[in-house]
Amino acid sequence: MSRRGGGPVTVLNVAEKPSVAKSVAGILSNGSFRTREGRSRYNKIFEFDYAINGQPCRMLMTSVIGHLMELEFSDRYRKWHSCDPADLYQAPVMKHVPEDKKDIKKTLEEEARKSDWLVLWLDCDREGENIAFEVVDVCRAVKHNLFIRRAHFSALIAREIHEAVQNLRDPNQLFAEAVDARQEIDLRIGASFTRFQTMLLRDRFAIDSTGEERSRVISYGPCQFPTLGFIVERYWEIQAHEPEEFWTINCSHQSEEGIATFNWMRGHLFDYASAVILYEMCVEEPTATVMNVPHPRERFKYPPYPLNTIELEKRASRYFRLSSEHTMKVAEELYQAGFISYPRTETDSFSSRTDLRAMVEEQTRHPAWGSYAQRLLEPEGGLWRNPGNGGHDDKAHPPIHPTKFSSGESNWSRDHLNVYELVVRHYLACVSQPAVAAETTVEIDISGERFSASGRAILAKNYLEVYRFESWGGSVIPVYEKGQQFIPTTLTLDSAVTRPPPLLCEADLLCCMDKAGIGTDATMHDHIKKLLDRGYATKDANTRFSPTHLGEALVMGYDDMGYELWKPNLRAVMEHDMNEVSVGRKTKAEVLETCLQQMKACFLDARVKKSKLLEAMTIFFERSNNTDEGENQTAGEVVRRCNLCNESDMALRKNRDGNFMVGCMNYPQCRNAVWLPGPTLEASVTTNACQSCGPGPVYNILFKFRQIGIPPGFDVNHLGCVGGCDDILKQLIDICGTGSRSQARRAPDTVPPNNIRGSNTRQSNVCVHCQQRGHASANCPSRASASRNSRRTGTNPINDESTVSCNTCGAPCVLRTASTEANRGRKFFSCQTQGCSFFAWEDSISNSSGNATTWSNSSGSGRRGSRGRGRGGRGGQSGGGRRGSGTSFVSATGEPVSGIRCFSCGDPSHFANACPNRNS
DNA sequence: GCAAGGTC
């Protein structure tokens with residue numbers, strides 16, 4: 001490696017960014033380097049002497065700023081109207097240095113001319129390797145015989161840098177080629193689809209009211225579209241959600257020691273009748289028996305892993321509601337000013353060589369967390385713990401950590417303070433012991449139903465003391481013993497409805513992208529911002545994303561074509577292929593050829609099916625005035641002359657929910673429409689005219705139905721008529737309805753008209769309960785009456801006045817007779833005072849004289865549930881001991897039951913499925 | 001005017 005003729009060699013060292021150049025120069029020169037200006041104001045040149053493997057070297061250290069080059073089409077293809085976008089799949093592409101990087105290139109050329117060796121200090125990832133070859137290309141062009149080597153380092157730590165420079169290797173061509181392939185594919189796909197959809201849609205629709213259509217770019221990109229896809233998919237999921245009512249039994253027990261809230265271990269039931277039966281069983285024999293001995297168990301809550309970019313973005317969004325894009329801007333500024341380490345990193349584990357304690361030491365001066373940092377360093381405190389390993393390492397940067405102490409600089413905004421505080425507290429948390437708690441879970445049995453309650457007592461907060469962003473809720477429950485019995489304080493049957501998931505928030509979106517491999521840690525926030533900038537999505541005050549009409553229409557259009565261009569699969573395949581290239585299993589040429597061939601075929605087909613995109617846009621946007629209408633009429637195939645207005649044709653359309661309809665093209669003046677069966681997968685108008693329907697011609701439609709959507713006996717393929725003669729079509733509409741999503745999705749201003757929507761409801765479905773039409777299954781009157789009846793079956797008239805006084809309020813009780821199966825004929829006392837719900841079985845009262853104020857714990861002995869297992873050890877709580885506590889339940893007597901309220905109107909006299917409001 | 005990837 002030594003230069004012929006001996007003497008020092010001149011070595012040009014190039015790093016990926018100025019900060020790395022400076023750090024490496026500082027480490028190798030032990031802090032004594034000379035600095036001079038380069039052509040670019042950001043990229044200085046540092047000079048020092050060093051010996052590589054015994055060879056004296058005059059070191060020149062400079063940097064680039066990320067990629068030096070960009071990929072571009074040749075001139076002939078650069079203008080949008082210069083070629084067919086399909087040509088972009090084979091148009092020549094070349095790398096060139098953009099204008100703003102020309103000065104860096106000049107510096108490299110000038111320094112390379114003076115140098116003998118070129119040592120590449122680019123980040124040790126695939127992009128870094130690709131940038132290395134860009135640097136090589138520039139330098140070799142001016143100095144052909146440069147000796148070229150690559151330094152490998154994963155952190156700017158002295159030992160690692162010295163080792164790297166003494167163990168120089170060849171740059172990895174395969175890594176660079178993988179990136180070349182990715183760049184070319186991204187450019188060709190992105191440019192072709194962007195030009196295609198922009199030119200197709202921009203001038204045809206009034207997309208916004210600002211009149212800026214002319215400059216609007218409707219971009220497509222293999223990262224931005226899947227990101228949009230996540231937002232749209234969640235939005236559709238929410239729109240399609242149909243609330244379903246469910247029931248759960250809740251139980252609580254208050255004693256002198258506190259209150260325990262028990263959850264039903266069945267969770268909840270969707271079947272009202274079953275829930276009521278189980279509830280009534282519990283109410284009739286309400287004694288709770290403790291089933292387990294609840295020994296407290298030690299539980300830990302561990303601190304987070306060291307901070308990487310995605311985690312920083314997610315946490316800043318959650319804790320401070322900062323957008324990922326703004327977080328990265330602030331983090332970049334803190335990094336530039338030297339307060340935190342490099343903020344674009346995937347790594348979430350510290351190298352064993354990191355001096356972790358020194359970073360804590362720095363922070364001991366801080367007024368807020370300084371004392372915690374001090375305690376961390378005290379060995380007797382036992383607070384220190386080596387940080388966890390999150391399992392990611394980009395081999396280029398350490399996790400984000402503080403690099404310089406600050407108690408806040410004068411030029412910092414609130415966001416700078418927050419991000420710095422998050423980085424510091426996160427770091428201190430990482431090197432701390434986990435929080436410790438004692439957890440207790442008590443399980444009880446009431447009439448064979450199991451309930452459980454959990455309590456948690458925090459024993460040591462540890463890292464939670466400094467990581468104020470996280471908490472660990474703790475609630476203490478009373479102590480129970482196995483076999484102990486008590487009467488619950490409340491025992492209620494509550495109803496609720498299922499809710500759709502929320503819109504995606506920024507942290508959710510980052511999670512989706514991370515899991516699907518969309519973008520990199522350094523670019524994910526850019527893709528999110530791009531969706532907002534392009535007008536594909538909006539973000540509300542809670543940082544939750546919704547698609548705009550444009551975003552939804554684009555996804556719908558491609559979805560209707562049958563393509564998953566908006567799903568992450570395409571990117572995943574590309575990532576996989578890149579890996580194959582980088583390990584040498586496939587060549588760059590192979591991957592390019594296969595991928596581009598497929599994508600071109602897809603592009604050409606999408607262009608053939610452009611009507612799908614136009615149809616989707618038609619749903620949300622008015623046609624623009626400045627276009628020729630010739631093409632607009634092709635959005636639907638004509639089926640017949642409108643038999644209502646007689647002025648226009650009726651055309652086959654697919655609405656935004658994927659449901660098919662034949663609607664008058666004179667909409668909104670005429671709202672005539674025929675909706676087609678919900679399970680229609682495909683429909684196309686044929687040239688066959690129906691022989692019996694008129695006024696003609698009424699063209700037949702060729703249907704393809706979803707197999708799973710239609711009843712047995714119906715064919716998936718059907719040649720049908722919407723003129724009224726087709727019984728099969730009518731039956732399918734009767735049975736299957738005309739689709740379910742249209743009600744769920746928000747109706748845009750343009751379509752569909754009310755009468756169309758009216759015909760497309762579940763009203764035409766057959767109720768699953770009574771097999772009748774005219775109502776939804778959930779509103780079935782038979783079901784509501786059955787529910788009401790089921791409650792009535794337990795109702796008995798008051799049949800006896802009693803001589804028993806209420807054990808709670810002292811008022812006289814009435815004697816009633818139970819009529820449910822388990823307790824038929826059994827008598828019980830019930831207090832009549834409003835608000836008091838005293839209840840006791842007659843046969844459990846020990847004082848048969850009737851003036852009972854106490855009773856034995858033998859209630860239900862010999863019955864299911866075996867109540868006779870003893871009193872338990874805690875006299876005050878033992879079975880039947882209801883002293884002083886108002887128990888708000890009532891048996892199966894039909895009395896109003898506390899806790900049961902209609903979720904719809906709040907009335908305790910009925911459940912929501914029988915609510916008059918709902919049924920109306 | 002287009003992509004995504006670096007980074008100031």
Side-chain angles (χ1 to χ4, degrees), chain A residues 15-22 40-44 63-73 77-83 85 87-89 91 93 95 97-98 100-101 103-104 122-135 175-176 178-199 202 212-227 309 328-329 331-333 335-337 342-345 394 396-397 513 517-527 529-530 533-534 565 570-571 574-575 578 596 599 603:
Chain A
E16 190 159 321
K17 41 192 166 279
S19 61
V20 171
K22 192 171 183 182
S40 150
R41 53 190 281 236
Y42 301 111
N43 306 85
K44 316 277 185 213
S63 54
V64 287
I65 301 178
H67 276 286
L68 187 58
M69 297 177 172
E70 279 177 8
L71 197 63
E72 249 306 2
F73 292 110
Y77 296 89
R78 221 167 286 170
K79 286 246 182 305
W80 278 41
H81 293 278
S82 65
C83 67
D87 295 343
L88 298 178
Y89 284 90
V93 288
K95 282 191 173 186
V97 178
D100 61 342
K101 300 280 177 72
D103 44 7
I104 298 176
L122 287 306
D123 292 354
C124 291
D125 52 23
R126 283 198 299 233
E127 294 295 332
E129 217 62 35
N130 190 273
I131 300 171
F133 279 89
E134 293 174 358
V135 172
F175 274 33
V179 173
D180 282 341
R182 196 265 307 149
Q183 287 178 340
E184 192 172 328
I185 293 167
D186 283 348
L187 177 65
R188 292 187 190 278
I189 297 175
S192 58
F193 273 94
T194 299
R195 290 185 192 183
F196 156 66
Q197 62 186 31
T198 302
M199 293 192 283
R202 182 177 60 193
E212 288 176 4
E213 260 89 34
R214 291 260 164 235
S215 59
R216 175 187 283 277
V217 171
I218 304 174
S219 64
Y220 175 88
C223 285
Q224 49 181 283
F225 255 56
T227 307
T309 304
M328 290 312 289
K329 184 171 174 288
E332 176 69 28
E333 285 163 8
Y335 159 68
Q336 291 295 334
Y342 189 66
R344 287 181 282 271
T345 174
D394 63 12
H397 308 99
M513 295 171 75
I518 302 299
T520 67
D521 52 306
T523 61
M524 281 157 75
H525 66 272
D526 280 337
H527 300 310
K529 183 166 183 288
K530 183 154 275 178
D533 292 345
R534 295 277 189 233
L565 289 166
L570 175 65
R571 194 71 190 167
M574 284 167 62
E575 281 292 329
M578 268 180 72
L596 291 174
M599 283 311 297
F603 176 81

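Here the structure is a predicted model, which means the values were calculated and not measured. Letters go in sequence order (proteins before strands), and every chain restarts at 1.
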Send over the distance from [X] [atom1] to [N] [atom2], rounded to a whole Å.
{"X": "A:Tyr335", "N": "B:dT7", "atom1": "OH", "atom2": "C1'", "value": "9 Å"}
{"X": "A:Met328", "N": "B:dT7", "atom1": "CE", "atom2": "C1'", "value": "11 Å"}
{"X": "A:Arg126", "N": "B:dG5", "atom1": "CZ", "atom2": "P", "value": "11 Å"}
{"X": "A:Asp533", "N": "B:dA4", "atom1": "CG", "atom2": "P", "value": "13 Å"}
{"X": "A:Lys22", "N": "B:dT7", "atom1": "NZ", "atom2": "P", "value": "19 Å"}
{"X": "A:Asp186", "N": "B:dA3", "atom1": "CG", "atom2": "C1'", "value": "5 Å"}
{"X": "A:Tyr220", "N": "B:dA4", "atom1": "OH", "atom2": "P", "value": "9 Å"}
{"X": "A:His67", "N": "B:dT7", "atom1": "NE2", "atom2": "C1'", "value": "10 Å"}

Heavy atoms from C-beta onward define the side chain here; which of [options] lies closest to that of [X]?
{"X": "A:Arg202", "options": "B:dG1, B:dG5, B:dC2", "value": "B:dG1"}
{"X": "A:Glu16", "options": "B:dT7, B:dA4, B:dA3", "value": "B:dT7"}
{"X": "A:Pro222", "options": "B:dA4, B:dT7, B:dC2", "value": "B:dA4"}
{"X": "A:Arg78", "options": "B:dC2, B:dG5, B:dT7", "value": "B:dC2"}

Does [N] have its OP1 or OP2 closer than 4.0 Å to a side-chain nitrogen or oxygen of [X]?
{"X": "A:Arg571", "N": "B:dA3", "answer": "no"}
{"X": "A:Gln224", "N": "B:dA4", "answer": "yes"}
{"X": "A:Ser219", "N": "B:dG1", "answer": "no"}
{"X": "A:Arg344", "N": "B:dT7", "answer": "yes"}

Classify the nucleic acid contact of [X] as base, sugar-phosphate or nothing, counting any heavy atom under 4.0 Å across all strands shown.
{"X": "A:Arg188", "answer": "nothing"}
{"X": "A:Gly519", "answer": "sugar-phosphate"}
{"X": "A:Lys530", "answer": "sugar-phosphate"}
{"X": "A:Glu70", "answer": "nothing"}
{"X": "A:Phe196", "answer": "nothing"}
{"X": "A:Glu72", "answer": "base"}
{"X": "A:Arg41", "answer": "nothing"}
{"X": "A:Gly190", "answer": "sugar-phosphate"}

Could you pick out which residue, A:Thr198 or A:His527, lies toward the 5' side of DNA chain B when each is mapped onto its nearest nucleotide?
->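 Result: A:Thr198.
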Take A:Lys79 and A:Thr520, find for each the nucleotide of DNA chain B with the closest heavy atom, and name the residue whose nucleotide sits nearer the 5' end.
->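 Mapping each residue to its closest nucleotide by heavy atoms, the 5'-most match is A:Lys79.
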Please identify each residue that fulfils side chain to side chain contact (heavy atoms under 4.5 Å, CB included) with A:Ser40, with sequence neighbours left out.
->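 Per chain and number, A:Ser40 pairs via side chain to side chain contact (heavy atoms under 4.5 Å, CB included) with A:Tyr42, A:Asn43, A:Asp103, A:Ile104.
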Under the side chain to side chain contact (heavy atoms under 4.5 Å, CB included) rule, collect the residues that match up with A:Lys530, sequence neighbours excluded.
->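 Counting only residues at least two positions away or on another chain, A:Lys530 forms a side chain to side chain contact (heavy atoms under 4.5 Å, CB included) with A:Gln224, A:Arg534.
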Classify the ring geometry between A:Phe196 and A:Phe603 as parallel (under 30°), tilted (30 to 60°) or perpendicular (over 60°).
->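 Plane angle over 60°, so perpendicular.
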Considering only heavy atoms from C-beta outward, does the side chain of A:Val93 approach that of A:Gln183 to under 4.5 Å?
->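 Heavy-atom side-chain distance check fails, nothing below 4.5 Å.
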A:His397 and side-chain hydrogen bond (donor to acceptor under 3.5 Å, both in side chains): which partner among A:Asp125, A:Thr345, A:Asp521, A:Asp123?
->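 Testing each of A:Asp125, A:Thr345, A:Asp521, A:Asp123 against A:His397, the sole residue satisfying side-chain hydrogen bond (donor to acceptor under 3.5 Å, both in side chains) is A:Asp123.
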Please determine if A:Lys95 forms a cation-pi arrangement with A:Phe133, meaning its NZ or CZ atom is less than 6.0 Å from the six-membered ring centre and no more than 45° off the ring axis.
->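 Not satisfied by the 6.0 Å and 45° rule.
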